[in-house]
Amino acid sequence: MMGIDLTGRRALVTGSSSGLGRAMAEAFAAAGARVAVHYRSTRDAADQKAAQDLATSLGRPDAPAHAYPADISNAAEVESLFAAIDRDFGGLDILVNNAGIDGAHATCAESDPAAWETVIRVDLLGPYYCARQALRRMIPKKRGVILNITSVHEFIPWEGYSAYASAKAGLSMFTKTLAQEVADQGIRVLAIAPGAIETPINRSVWNDPAALKDLDQKIAMGRLGQPREIASVAAFLASDLASYITGTTLAVDGGMLIYPDFRHGG
Ligand code: BGC
């Protein structure tokens, strides 16, 4: 049986102090990678501690991990983040653009422009700033993988979350365009579209029995996903087992995109 082997790879997972990012950081380290844990800001002491504890637990004496704060929606902070990674890891082989927010529910007509812009800045400009820095390091080495975490909402419209859905659809096209730019330079660019995974981003839904029942009905498998079910796919896509896959989105959604409502009627 072929195993997933990321030995010697240096991976940055943005937003890895919790949720999907944390599970991916753990999976990458388990497959042998050295991981740069990223979290938002030192102003959130609990989040900072979670990131630092994770880095400590993932590091090995011969291959320490590190945790870095950065506002990914700020180009200068992203530049500093990558400079710190250069210093500590001497380069980068894998970037996972995972950090994201879905923003407060508001229809377009009711929405606050500043809040809408914040979602676009974090979910679309953030991955752009990080990918730009990563590619500048990967292109000279002719090796690398960029994995963008989109959502089923790169495909499915979502009332009240137009900024999020727009950012994720944009991130999908960004994925394909980058893949086209660097396919002949040894670099693969891919996306995973998670469905409803049990993480802090949707805690208010899975903590509410009525909301959870409604959500489960939108999933063909009838249950939320677990972070490790995304992390194993991310580790595979980042590895050489996936060496011929680029420029595409893999949905990992328990069948959200196969219109479970059409099991009846129509
Ligand atoms: C969102 C979750 C939501 C899921 C399915 C994800 O992109 O972050 O909050 O449950 O899509 O709608």
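Quick caveat: nothing in here was measured; it's all calculated off a predicted structure. Numbering of ligands and ligand atoms starts at 1, following listing order.
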Quiz item: Can you name the residues that form a side chain to side chain donor-acceptor pair (under 3.5 Å) with Asn97, not counting sequence neighbours?
Solution: Asn148
Quiz item: Are any of the side-chain nitrogens in Asp214 or Lys218 under 4.0 Å away from the carboxylate oxygens of its partner?
Solution: yes
Quiz item: Which protein residues have a heavy atom under 4.0 Å from ligand 1?
Solution: Asp102, Ser151, His153, Trp158, Tyr164, Gly195, Ala196, Ile201, Asn202, Met256
Quiz item: So, are Asp93 and Arg143 salt-bridged, with charged N and O less than 4.0 Å apart?
Solution: yes
Quiz item: Same cluster or not: are Met24 and Ile4 linked, directly or through other Ile, Leu, Val, Met, Phe, Trp or Tyr residues, by side-chain heavy atoms under 4.5 angstrom apart?
Solution: yes
Exercise. List in chain and number order the residues that pass side-chain contact (heavy atoms from CB on, under 4.5 Å) with Arg136, two or more places apart in sequence or in another chain; answer none if no residue qualifies.
Key: Arg132
Quiz prompt | Under the side chain to side chain donor-acceptor pair (under 3.5 Å) test, residues paired with Lys141 that sit two or more places apart | solution = none
